[in-house]
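First the proteins, then the strands, lettered A, B, ... as listed; each starts at 1.
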Number of protein chains: 2
Amino acid sequence: MTKARIAVLAAIDGAEEPLSASGVAARANCDCDQATVYRALHHLETAGFAESFVLNCSEHGTERYYVSAKGPHRHWFHCEGCHRFVDLGACRIGGLVADLESELGLRVTRHTMYLSGLCAECSARSAPRAGAH
Amino acid sequence: MTKARIAVLAAIDGAEEPLSASGVAARANCDCDQATVYRALHHLETAGFAESFVLNCSEHGTERYYVSAKGPHRHWFHCEGCHRFVDLGACRIGGLVADLESELGLRVTRHTMYLSGLCAECSARSAPRAGAH
DNA sequence: GTATTTTTGCAAATTGTTCGCATTTGCTCG
DNA sequence: CGAGCAAATGCGAACAATTTGCAAAAATAC
Ligand SMILES: [Mn+2]
Ligand SMILES: [Mn+2]
Ligand SMILES: [Zn+2]
Ligand SMILES: [Zn+2]
């Protein structure tokens, strides 16, 4: 492992939410070039240390986000208000994916699932006392 | 409705699989500029005539794909071999999304789910007679 | 039909990401 | 501990999808 890859891996392993390439570059404890960050992320994903998904958010545009591959595969919610991610916990669609695979004769090597909208906080802030006293 | 928007809507309404902006431009019966296609797609989605999702494929890169909003909301499988989409049918994760919404206090306005891998044909082609006589 | 509002075409700009290539680093081995 | 080499990095240019400014053209309103 090179210094750059170690720093990039530490950044995503230590993050509590998915990070974009620029987010990784900002948090990584190294002054590596952005090309190096991209190459390191690609390498880490290929090597099984990271997972990624492409998400579009009205404010941040379309970017690829990376998460650590430690622990069980999980999914995320992205808040369009505060732009934070909420962990949806371990994947719950393994059964559905397996069903679709056998129903349609597919060989699924990857699935992407994420939700977006407003998190509890932003939801309360934008629609105060909905049903409250 | 303008001529360009009508042509773009006809293209996605008539397609049997999600189309990228360039795919729409190729199929739309109009010589409109790419900027017009992008603007028309954005308008149609905002107006509720179309839905979209961003998908990354090793060969085509990251692109936004559009589908008609007619009929029930559905999900897709993308084959990394022949690059066709397979219709996974009407959405089956509405219950899961609702559960996550209430469990975590989220207000989900949109969900993205798609699978990728090899379709039945490409799978058979790449791993012939797996289990066959 | 004329005035007003929208939409379009064109070309340039943006933005996330990738590439070429010379230089450096990480490792293996003697 | 170096020398030798393959792999990784920095830098700047290149890319590709998408967006934008602005003047001309098309819809829509009156
Ligand atoms: Mn965001
Ligand atoms: Mn493809
Ligand atoms: Zn929020
Ligand atoms: Zn296929």
Side-chain angles (χ1 to χ4, degrees), chain A residues 1-12 15 17-67 78 80 83 85 112 114 116, chain B residues 1-12 15 18-67 78 83 85 112 114 116:
Chain A
M1 281 288 247
T2 68
K3 187 181 296 186
R5 290 176 177 175
I6 289 170
V8 167
L9 180 55
I12 61 181
E17 53 178 276
L19 296 178
S20 64
S22 60
V24 168
R27 271 161 242 259
N29 186 35
C30 72
D31 285 331
C32 35
D33 187 81
Q34 80 209 48
T36 302
V37 171
Y38 280 104
R39 288 191 274 230
L41 287 169
H42 184 269
H43 169 82
L44 291 170
E45 181 161 27
T46 299
F49 294 112
E51 293 179 9
S52 74
F53 57 93
V54 174
L55 176 142
N56 173 269
C57 145
S58 51
E59 185 166 310
H60 296 109
T62 300
E63 283 182 298
R64 183 174 285 274
Y65 289 83
Y66 290 83
V67 295
H78 181 69
E80 296 275 358
H83 299 281
F85 282 90
T112 301
Y114 54 80
S116 49
Chain B
M1 281 287 248
T2 68
K3 185 181 297 187
R5 288 175 181 176
I6 289 170
V8 167
L9 181 54
I12 61 182
L19 295 178
S20 63
S22 59
V24 168
R27 272 162 241 259
N29 186 34
C30 74
D31 285 332
C32 35
D33 189 83
Q34 81 208 52
T36 301
V37 171
Y38 279 106
R39 287 189 276 230
L41 287 168
H42 184 268
H43 169 82
L44 291 170
E45 181 161 29
T46 299
F49 294 110
E51 295 181 7
S52 74
F53 57 93
V54 174
L55 176 142
N56 173 270
C57 144
S58 52
E59 185 165 310
H60 296 109
T62 300
E63 283 182 297
R64 183 174 285 274
Y65 289 83
Y66 290 83
V67 295
H78 181 67
H83 301 281
F85 282 91
T112 300
Y114 55 81
S116 49

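- Here the side chains of B:His78 and B:Asn56 are not in contact, with every heavy-atom distance at 4.5 Å or above.
- Among C:dT7, C:dG26, C:dT18, the nucleotide with an atom closest to any side-chain atom of A:Lys3 is C:dG26.
- Residue contacts shown for B:Ala4 are limited to sugar-phosphate atoms, with no base heavy atom under 4.0 Å away.
- Comparing the local axis fitted to the first five base pairs of the helix from C:dG1-D:dC30 to C:dG30-D:dC1 with the one fitted to its last five gives a bend of 40°, rounded to 10°.
- Atom CE of residue B:Met1 and atom CG of residue B:Leu44 lie 5.5 Å apart, to the nearest 0.5 angstrom.
- B:Val8 places none of its side-chain heavy atoms less than 4.5 Å from the side chain of B:His43.
- Between A:Tyr66 and A:Glu45 there is a side-chain heavy-atom pair separated by less than 4.5 Å.
- Residues B:Val67 and B:Ile12 come closest through the heavy atom pair O-CD1, 4.2 Å.
- Ring geometry for B:His83 against B:His60 counts as perpendicular: the plane angle is over 60°, on a 0 to 90° scale with 30° as the lower cut.
- Note on A:Tyr38: every side-chain N or O is 4.0 Å or more away from OP1 and OP2 of C:dT18.
- Atom-to-atom, CZ of B:Arg5 to C1' of C:dT6 comes out at 8 Å; the value is rounded to the nearest Å.
- Nearest heavy-atom pair, A:Ala11 versus A:Leu19, reported as atom, atom and distance to 0.1 Å: O-CD1, 3.8 Å.
- Between B:Asp31 and B:Gln34, the one whose closest nucleotide on DNA chain C sits nearer the 5' end is B:Asp31.
- Between A:Phe85 and A:Leu55 there is a side-chain heavy-atom pair separated by less than 4.5 Å.
- Of the residues in residues 50-67 of chain A, those lying under 4.0 Å from DNA chain C by heavy-atom distance are A:Thr62, A:Glu63, A:Arg64.
- Residues B:Ala35 and A:Asp33 both approach DNA chain C. Their nearest nucleotides, taken by heavy-atom distance, put B:Ala35 toward the 5′ side.
- Summary of the strand contacts: B:Arg39 and B:Thr2 both lie near DNA chain D, and taking for each the nucleotide with the nearest heavy atom, the more 5' one is attributed to B:Arg39.
- The nucleotide range of DNA chain D contacted by chain A, defined by atoms under 4.0 angstrom from heavy atoms of the protein and reported 5' to 3', is D:dA8 to D:dC11.
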